[in-house]
Amino acid sequence: MRLDKFLAHMGFGTRKEVKELIKSKAIQVNDVIVKDSSLHVKEHVDKVSVYGEEIEYKEFIYLMLNKPAGVVSATEDTRDRTVIDLLEDDVRHFQPYPVGRLDKDTVGLLLLTNDGALTHRLLSPNKNVPKLYYAEVEGIVDESDVQAFLEGVILDDGYKTKPGILTILSRGPVSEVELTITEGKFHQVKRMFESVGKKVVFLKRLSMGQLILDESLKQGDYRELTEEELEGLQQKNDQA
């Protein structure tokens, strides 16, 4: 890979700006000051330093975000703040995007990446990647709802959902439940409960495949996936 492309990908500006860095003798490759921006480097072998700080090359980035309410799962929006607006410049330059969507008022686990192959595997309907949600629902959720979800319910547009696994945590005027589904239709969880005459008043995604929300992340905070989390996510999809 050309050195200027390497550095531009890692967020050190445009290729023109990178050339200015090189002119200022700020760039070293294998501890040698570089004068030529077209120099080819082996991104995982050669040691590239900027102002003496070694740069570890990354092709892809994988971020776990604890999405807060009030932001939309999109890369840009003319009216609302997006999940990309929550990111710092040091990761935003990788141009990550949300894998799937959470409704504006839904909170919890959202994966952001620029890895198109992984995104496709996670969102492909035939992979049946499970997604676990915690919900608070107006009305008493009972065993008839559990059975209805297990058989698949008819949404307002006539679509019959795939089976969902509904677990009742508490019953009352507002019931607490967990629901696992393997698809992601528009407002699906809310529409599934509407089909049985109930209303979701709070919704939080807890997991996607083997990726579990890090509860130490405050809403609006994010971090990169660990190697174990990424491997688990990839292995789960390879087996799906």
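Small disclaimer: the values here were computed from a predicted structure and weren't measured.
Under the 4.5 Å side-chain heavy-atom criterion for ILVMFWY residues, no single connected hydrophobic cluster contains both L86 and L225. Hydrophobic clustering, with ILVMFWY side chains joined whenever heavy atoms are under 4.5 angstrom apart, keeps L65 apart from M208. Follow the hydrophobic side-chain contacts under 4.5 Å out from L206 and you never reach M64; the two are in separate clusters. V99 and L109 fall within the same hydrophobic cluster, defined by Ile, Leu, Val, Met, Phe, Trp and Tyr side-chain heavy atoms under 4.5 Å apart, directly or through other members. L217 and V83 are members of different hydrophobic clusters when ILVMFWY side chains are connected at heavy-atom separations under 4.5 Å.
With E17 contributing its side chain and T14 its backbone, the two residues share a donor-acceptor pair below 3.5 Å. The closest donor-acceptor contact from the side chain of T182 to the backbone of V129 lies at 3.5 Å or more, if one exists at all. No donor-acceptor pair closer than 3.5 Å links the side chain of S195 to the backbone N or O of L155. No donor-acceptor pair closer than 3.5 Å links the side chain of Q219 to the backbone N or O of V107. Using modelled atom types, no side-chain atom of H120 and backbone atom of D115 make a donor-acceptor pair closer than 3.5 Å. K67 contributes a side-chain N or O that, together with a main-chain N or O of V71, makes up a donor-acceptor pair within less than 3.5 Å.
No salt bridge links K19 with D4; every basic N to acidic carboxylate O contact stays at or beyond 4.0 Å. With respect to the salt-bridge test (charged N to carboxylate O, under 4.0 angstrom), the residues K204 and E215 qualify. Between D145 and K198, at least one side-chain N (NZ, or NE/NH1/NH2) sits under 4.0 Å from a carboxylate O, which counts as a salt bridge. For the pair K104 and D77, the salt-bridge criterion is not met [side-chain N within less than 4.0 Å of a carboxylate O].
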(request) Check step by step if side-chain contact (heavy atoms from CB on, under 4.5 Å) holds for L63 and V91. (result) CA-CA 9 Å; L63 303 174; V91 294; 4.1 Å; yes
(request) For the pair T75 and T82, evaluate side-chain contact (heavy atoms from CB on, under 4.5 Å) and give the outcome as yes or no after the intermediate values. (result) CA-CA 6 Å; T75 54; T82 74; over 6 Å; no
(message) Set out, in order, the CA-CA distance, both residues' side-chain angles and the distance that settles side-chain contact (heavy atoms from CB on, under 4.5 Å) for M192 and I181, then state yes or no.
(response) CA-CA 11 Å; M192 288 178 74; I181 58 176; 4.0 Å; yes
(request) May I have the step-by-step check of ring pair (Phe, Tyr, Trp, His ring centres under 6.0 Å) for F94 and Y62, ending in yes or no? (result) CA-CA 10 Å; F94 285 101; Y62 306 90; over 10 Å; no
(message) If you apply the rule side-chain contact (heavy atoms from CB on, under 4.5 Å), what do you find for V141 with L166, and how did you get there?
(response) CA-CA 10 Å; V141 179; L166 178 61; 3.8 Å; yes
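Put simply, the side chain of L179 reaches to within 4.5 Å of the side chain of F149, judged on heavy atoms. Contact check for K131 versus Q188: no side-chain heavy atoms found under the 4.5 Å cut-off. In this structure, V50 and I27 have side chains that are in contact, with non-hydrogen atoms separated by less than 4.5 Å. Between D156 and H187, every side-chain heavy-atom pair lies at or beyond the 4.5 Å cut-off. Residues Q234 and R121 form a side-chain contact, since some pair of their non-hydrogen atoms from C-beta on lies under 4.5 Å apart. Residues R79 and V72 are not in side-chain contact: their nearest non-hydrogen atoms beyond the backbone lie 4.5 Å or more apart. Within the 4.5 Å cutoff, side-chain heavy atoms of N30 are placed close to those of D46. In this structure, the side chains of L230 and L118 come closer than 4.5 Å at one or more pairs of heavy atoms.
For Q147 and E143, the side-chain atoms include no donor-acceptor pair closer than 3.5 Å. Judged purely by distance below 3.5 Å, without hydrogens or angles, the side chains of Y133 and T106 never pair a donor atom with an acceptor atom.
Atom CG of residue D142 and atom CD1 of residue I168 lie 6.5 Å apart, to the nearest 0.5 angstrom. Once rounded to the nearest 0.5 Å, the distance linking NE2 of H93 with CE of M10 reads 5.5 Å. N66 contributes atom CG, which lies 11.5 Å from atom NZ of K218 (distance to the nearest 0.5 angstrom). For the atom pair CZ (R15) and CG (L3), the distance works out to 10.5 Å, reported to the nearest 0.5 Å. One distance of note links CD of E54 with CD of Q28; it measures 11.0 Å at 0.5 Å rounding. L21 contributes atom CG, which lies 5.0 Å from atom OH of Y51 (distance to the nearest 0.5 angstrom).
Within 6.0 Å of the CZ atom in R101, the count of heavy atoms belonging to other residues, nucleotides or ligands does not exceed 12. Within 6.0 Å of CG on L150 lie more than 12 heavy atoms contributed by other residues, nucleotides or ligands. Applying the 6.0 Å contact sphere to NZ of K23 captures no more than 12 heavy atoms from other residues, nucleotides or ligands.
Ring-plane geometry between H44 and Y57 is classed as perpendicular, the angle between the planes exceeding 60 degrees on a 0 to 90 degree scale with a lower cut at 30.
For the pair G108 and L102, the tightest heavy-atom approach, listed with the atom from each and the gap, is O-CD1, 4.0 Å. Residues L87 and P96 share a closest heavy-atom pair of CD1-CG, 3.7 Å.
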